[in-house]
Amino acid sequence: MENPTTPSLGSVPEKPTIDGLEAAWVPRWNEKNVYGFDATATRDQVFSIDTPPPTVSGSLHIGHVFSYTHADAIARFQRMRGRKVFYPMGWDDNGLPTERRVENFFGVRCDPSLPYDPSFEPPAKPGDQKISISRKNFVELCQRLTATDEEVFKELWQRLGLSVDWKLEYSTISAHAQEVSQRAFLNMLQRGEVYSSEAPTLWDVDFRTAVSQAELEDRERPGAYHRVRFERSDGIGGIDIETTRPELLPSCVALVAHPDDARYQPLFGTTVRTPLFQVEVPVVAHELADPEKGSGIAMICTFGDTTDVTWWRELRLPTRALIGRDGRFLPSADFGGDQWPCADVAAANENYAQLAGKSANQARTAIVELLTTSGALIGEPRPITHPVKFYEKGDRPLEIVTSRQWFVATMPHREALLARGEELNWHPDFMKHRFKSWVEGLNGDWCISRQRYFGVPFPVWYRIDGDGIINFDEPIVAEAASLPIDPSSDCPPGFAEPQRGQAGGFIGDPDVMDTWATSSLTPQIAGHWGTDLFERVFPMDLRPQAHEIIRTWLFSTVVRSHLEFNSLPFTNAAISGWILDPDRKKMSKSVGNVVTPMGLLDTHGSDAVRYWAASGRPGTDTAFDEAQMKIGRRLAIKVLNASKFALGRLEGAPIPGVDAITQPLDRDMVAALGQLIDETTKAFEQYDYARALERTEQFFWAFCDDYIELVKIRAYRTESPAETASARASLALALSVLQRLLAPFLPFVTEEVWSWWHADSVHLAEWPTRDELGTAGDPNGSYEAVRDALAAVRREKTTSKVSMRAEVELVTVTNDAATIERLRRAEEDLKDAGAVRTVAYVEGAANYVVTLAPPAES
RNA sequence: GGGCGCUUAGCUCAGUUGGUUAGAGCGCAGCCUUCACACGGCUGAGGCCGAGGGUUCGAGUCCCCCAGCGCCCA
């Protein structure tokens with residue numbers, strides 16, 4: 001390595017401190033465009049990162065700091081290796097979380113039927129009663145709030161030291177992101193990969209929107225098995241079924257048992273009558289029926305759960321849906337209609353009247369009463385606890401409601417998607433199983449439409465025929481050049497605004513896209529799909545993210561890229577773990593709210609918090625541990641002090657090159673340094689930042705505690721120029737290498753100390769290589785042998801309760817010949833570091849006898 | 001029910017193709033008012049590597065089985 005500089009330490013503070021380094025360096029990095037992407041770089045020179053866009057309406061928690069630090073360490077490593085790093089930051093502002101926050105923050109509610117009010121201003125303080133506003137007004141408030149959220153997030157990210165190129169900032173609600181979303185949607189439509197259909201869909205009755213399988217979660221809820229008797233149509237006996245949802249009895253379309261179930265085999269093909277409603281339903285066979293569950297025979301209703309939907313579809317059963325979009329039973333049912341044969345319509349309607357307008361819970365109470373009275377309820381309901389499907393952000397169990405939705409046809413591509421999962425490099429590798437089991441468990445196409453307001457609209461309209469019937473099958477698509485459009489305010493080609501909603505006219509698609517339908521396009525959005533830039537960054541090199549969104553973000557991105565480009569969207573996925581409470585439980589809200597990321601950065605310093613984060617191994621859940629941050633802080637301070645001291649030894653004269661490294665101790669230390677470079681480089685190449693940090697840290701402390709101590713006097717000594725030069729060259733080399741190896745983890749303190757002897761940023765310096773060591777490295781065992789002897793001297797001083805500066809009269813080293821030779825060649829260093837006067841050597845089993853000098857007369 | 005991961009010192013964790021007396025940090029104890037660092041330094045005491053079985057000259061490391069914890073999927 002060349003060291004043309006003569007350190008001039010005029011800029012080194014007398015008492016250096018790590019406090020305030022963030023405030024000093026963030027603006028300078030911005031000014032000097034240290035992290036700017038070189039948009040002229042060719043694809044092979046680029047390292048591109050598909051940064052997760054955080055949901056801005058949520059607050060950033062410590063888990064974000066954790067995983068974003070991991071990605072940043074990798075970005076910094078790649079940048080120092082000479083790659084042109086494409087590291088954007090996006091904001092995910094679409095979707096329900098933002099809507100909810102806007103409703104609460106401003107005290108408003110969206111009513112799409114209202115006209116836009118350009119002069120609307122929300123009240124200074126939200127009132128008890130929410131104000132209804134138009135969709136456009138609502139969206140404006142969403143944008144206003146997310147804009148301020150984004151500023152707060154950006155400040156935190158900069159403070160944390162993320163080496164993002166802020167010129168590449170994007171948001172998922174921007175016109176650009178909308179344009180990309182709509183274009184990608186239209187491409188899929190053209191290729192037949194997306195379709196709309198009136199079908200049973202998972203439905204949240206509070207948000208009144210469809211949700212997708214990826215947004216489900218099971219929650220254990222109390223319920224009860226109700227044993228209900230159906231009378232056989234032939235009049236010879238009844239069949240008892242068990243159900244947790246007796247209120248769906250009027251929606252019953254069949255009974256089902258396993259085809260191999262001998263108890264029910266004779267009944268397949270026969271019919272039974274539902275109690276209370278006297279509807280004749282068949283007894284059918286299907287393998288999904290569980291003989292172990294309840295009485296082994298179940299009622300199929302349209303629709304109680306997703307299994308009902310499967311049975312309904314595969315067995316071609318009629319539809320008798322009775323739950324509305326508000327989760328309440330419809331006002332009436334068509335008993336006796338074409339699809340609804342009924343032996344006693346009057347009784348059925350009378351009983352149904354007890355359910356009409358009620359919620360599921362209320363209806364359950366009512367029907368249990370009716371069943372009890374009629375004698376069809378056998379025994380008492382048996383309480384159980386069972387998993388119930390919820391929308392992850394919802395408070396009431398999901399219903400299944402038939403509605404028109406847009407779907408991406410994922411099911412035909414399952415095998416191909418599984419192959420994509422295999423093709424992707426997962427870090428750690430075992431995370432691939434999450435993807436695999438998710439794809440294998442898919443039970444339907446991906447529903448991407450949401451009946452919400454704040455999101456990307458579908459760029460289509462529908463013709464209304466002369467009779468006022470909407471033709472959903474042949475949507476009018478927006479012209480590519482016009483994107484992005486909002487079909488609720490923009491007019492389709494060939495129509496005029498007055499024709500909206502009129503017979504013979506058109507109507508816009510009312511829905512918005514699922515948030516994942518947009519964020520699955522982050523490579524296209526960030527990389528400006530369609531421009532020259534995209535070719536330079538796609539497929540991305542790295543997707544860093546947490547494991548909880550493998551089934552959503554990672555999966556959906558793979559789907560979109562597979563369909564659009566027939567490739568993976570990124571070649572590597574680095575999956576971060578979760579932050580757990582110190583008691584190993586999932587981080588609780590209460591703790592997360594008390595311990596804000598910004599507060600931690602204030603208390604410990606950004607480098608310290610990053611140190612804690614980078615200590616968490618890839619994919620491993622990590623305990624929230626402020627003690628670890630204190631250790632990181634200590635390391636940062638040590639970097640500061642050790643650098644100051646070492647540079648002080650180098651001051652005043654040119655630093656010799658590596659050819660000057662001639663002393664065995666120095667050459668052995670440099671050999672170890674070379675090994676460290678190999679190890680950390682390899683670890684980083686495998687995305688194992690934690691190992692790189694651990695090894696570097698370990699080396700660094702030994703370097704400070706032992707090597708600097710051993711050579712600090714020699715580096716000053718003038719009577720033996722070669723030995724002095726060797727010490728000075730080695731110190732400079734090791735210091736330079738260590739500062740650079742630590743730079744991805746401790747960007748602030750390393751930049752500070754680097755600036756004391758370099759003009760350019762350490763973050764643009766070259767990642768250390770063995771080449772720069774020249775032939776200086778020579779693994780000869782001296783470093784370890786001398787450290788061992790020094791430890792023996794220190795041990796004696798400690799047990800004798802004297803200062804480390806106390807003089808030692810004699811050290812008698814007993815050891816094998818080779819070790820003795822190593823020590824002999826570094827004897828002066830040992831004497832310097834241990835204040836030793838004489839060293840004697842004896843061959844034999846390893847032992848040190850340290851004789852302290854009598855205390856000096858004072 | 002299927003799958004994945006974890007179980008090593010009081011705590012948090014390393015331990016990369018199996019190789020001599022198992023490592024680090026924190027904490028703890030003791031010492032050192034040291035001229036880079038008291039936001040420090042030095043030294044030390046702590047472990048039959050979750051249980052059982054197997055392969056091997058040799059197992060924390062490989063195989064089988066069991067248990068506990070966590071997560072993913074159904």
Side-chain angles (χ1 to χ4, degrees), chain A residues 9 12-19 213-214 216-218 288 290 292-293 305-307 387 389 426 428-443 546-551 575 577-578 580-586 603-605 608 611-612 615-649 679 682-683 686 688 690-691 693-695 697-699 701-702 704-706 708-709 712 735 753 790-806 833-835:
Chain A
L9 299 182
V12 182
E14 192 54 39
K15 265 279 190 194
T17 170
I18 62 166
D19 296 320
Q213 190 184 350
L216 299 190
E217 66 183 30
D218 282 352
L288 286 179
D290 184 357
E292 305 294 316
K293 215 164 156 185
D305 59 27
T306 50
T307 317
K389 296 214 180 306
W426 297 83
D429 191 59
F430 62 79
M431 284 294 176
K432 70 162 67 158
H433 298 289
R434 307 250 176 149
F435 182 87
K436 185 164 178 265
S437 61
W438 171 250
V439 176
E440 285 172 344
L442 286 176
N443 56 29
H547 54 57
E548 78 223 45
I549 50 175
I550 288 175
R551 70 172 182 172
I575 308 295
W578 261 346
L580 306 176
D581 273 350
D583 64 2
R584 307 299 301 168
K585 292 276 191 292
K586 194 178 162 186
T603 306
H604 304 285
Y611 170 87
W612 160 77
S615 303
R617 306 197 96 76
T620 306
D621 293 345
T622 300
F624 174 75
D625 186 4
E626 290 199 67
Q628 197 68 9
M629 297 177 197
K630 289 180 181 152
I631 298 160
R633 185 178 171 84
R634 208 167 64 110
L635 175 63
I637 292 169
K638 193 73 175 180
V639 169
L640 211 56
N641 287 315
S643 297
K644 180 190 169 196
F645 182 65
L647 289 174
R649 301 279 129 174
E679 260 190 293
K682 188 177 159 213
Q686 296 168 348
D688 192 350
R691 176 186 295 275
L693 171 58
E694 189 205 7
R695 295 303 149 95
E697 183 193 13
Q698 196 184 347
F699 189 99
W701 281 106
C704 292
D705 294 342
D706 297 334
I708 292 182
E709 291 297 322
K712 66 183 184 186
L735 191 67
V753 296
L790 181 59
V793 172
R794 286 167 169 167
R795 197 176 305 123
E796 179 58 31
K797 290 181 180 180
T798 295
T799 40
S800 303
K801 303 187 180 187
V802 299
S803 152
M804 284 300 141
R805 290 187 78 76

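To find a chain, count down the sequence lines: A is the first, B the second, and so on, and within it residues start at 1. Just so we're clear, the structure is a prediction, and the values are computed from it rather than from any experiment.
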Taking atom C1' in both G50(B) and C65(B), compute the distance separating them and give it to the nearest angstrom. 14 Å
What integer distance in Å separates L647(A):CG from C37(B):P? 15 Å
From the options C4(B), C31(B), C42(B), select the nucleotide whose nearest atom is closest to the side chain of M804(A). C42(B)
If you measure from NZ on K644(A) to NZ on K15(A), what distance do you get to the nearest 0.5 Å? 7.5 Å
Pull out every residue in residues 791-799 of chain A that has a heavy atom closer than 4.0 Å to any atom of RNA chain B, ordered by number, or say none. A791(A), R794(A), R795(A), T798(A)
When the P atoms of A45(B) and A22(B) are compared, how many Å lie between them, rounded to an integer? 14 Å
Got a second to check how far M629(A)'s CE is from F624(A)'s CZ, nearest 0.5 Å? 4.5 Å
Footprint string (nucleotides 17-25 of chain B, 5' to 3'): B base within contact, S backbone only, - free, heavy atoms under 4.0 Å: --------S
By salt bridge (charged side-chain N to carboxylate O under 4.0 Å, His left out), which residues pair with K436(A), not counting sequence neighbours? E440(A)
In this structure, which stretches of RNA chain B are paired as stems of three or more consecutive Watson-Crick or G-U pairs, both distances less than 3.5 Å? B:1-7 with B:67-73, B:10-13 with B:23-26, B:28-32 with B:40-44, B:52-54 with B:62-64
When rounded to the nearest Å, what value does the distance between C1' atoms of A59(B) and U55(B) take? 10 Å
Counting any heavy atom closer than 4.0 Å, what does W426(A) reach on the DNA or RNA strands: base, sugar-phosphate only, or nothing? nothing
Atom pair distance, as rounded to whole Å: CG in D625(A) and P in C11(B): 13 Å
Regarding D688(A) and R691(A), does a basic nitrogen lie under 4.0 Å from an acidic carboxylate oxygen? yes
Rounded to whole Å, the CZ-C1' distance (R434(A) to C73(B)) equals 10 Å
What about R617(A), does its side chain sit under 3.5 Å from the base of U16(B) through a donor-acceptor pair? no
Looking at every strand, decide which applies to K638(A) at a 4.0 Å heavy-atom threshold: base, sugar-phosphate, or nothing. base
Can you check the I550(A) CD1 to G3(B) C1' distance for me, whole Å? 13 Å
With sequence neighbours excluded, what pairs up with K630(A) under the salt bridge (charged side-chain N to carboxylate O under 4.0 Å, His left out) test? none
Whole-Å C1' distance, G47(B) and C13(B): 14 Å
Point-to-point distance, once rounded to the nearest 0.5 Å, from NE2 of H547(A) to CE of M431(A): 5.0 Å
Does the side chain of R794(A) reach to within under 4.5 Å of the side chain of D706(A), using non-hydrogen atoms? yes
Taking atom C1' of C71(B) as reference, at what distance in whole Å does atom CE of M431(A) sit? 9 Å
Closest approach of L216(A) to R551(A) (non-hydrogen atoms, all atoms of both residues): O-NH2, 2.7 Å
Looking for any heavy atom pair under 4.0 Å, which part of the strands does K389(A) touch: base, sugar-phosphate only, or nothing? nothing
Please measure how far the C1' atom in C6(B) lies from the corresponding atom in G60(B), and state the result in whole Å. 14 Å
Please enumerate all residues that pass side chain to side chain contact (heavy atoms under 4.5 Å, CB included) together with S437(A), with sequence neighbours excluded. none
Check whether any side-chain heavy atom of I550(A) lies under 4.5 Å from a side-chain heavy atom of W426(A), and answer yes or no. yes
Contact under 4.0 Å: K432(A) side-chain N or O vs C4(B) OP1/OP2: no
Quick one: does S800(A)'s side chain have a donor or acceptor within less than 3.5 Å of a partner on K797(A)'s backbone? no
Indicate, with a heavy-atom threshold strictly under 4.0 Å, whether R691(A) touches base, sugar-phosphate, or nothing. base
Inter-nucleotide C1' distance (U17(B), U61(B)), Å rounded: 11 Å
Quote, to the nearest angstrom, the C1' distance that separates U56(B) from G19(B). 12 Å
Base, sugar-phosphate alone, or nothing: which one does E14(A) contact when heavy atoms must sit under 4.0 Å apart? nothing
Base, sugar-phosphate or nothing for Q213(A)? Non-hydrogen atoms, less than 4.0 Å. sugar-phosphate
Nearest-0.5 Å distance that lies between atom CD1 in I575(A) and atom CD in E548(A): 10.5 Å
Starting the side chain at C-beta, find the nucleotide from A14(B), C71(B), C37(B) nearest to W578(A). C71(B)
Please report, rounded to the nearest Å, how far the P atom of G70(B) is from the CZ atom of F430(A). 17 Å
Judged by each residue's nearest nucleotide on RNA chain B, which is more toward the 5′ side, I637(A) or T620(A)? T620(A)
For U12(B), take OP1 and OP2 only and decide whether either is under 4.0 Å from a side-chain N or O of K630(A). no
P-based separation of G5(B) from C11(B) [nearest Å]: 25 Å
Which part of the nucleic acid does D705(A) contact within heavy-atom distance under 4.0 Å: base, sugar-phosphate only, or nothing? sugar-phosphate
Where does G58(B) land, syn or anti, given syn is within 90° of 0? anti
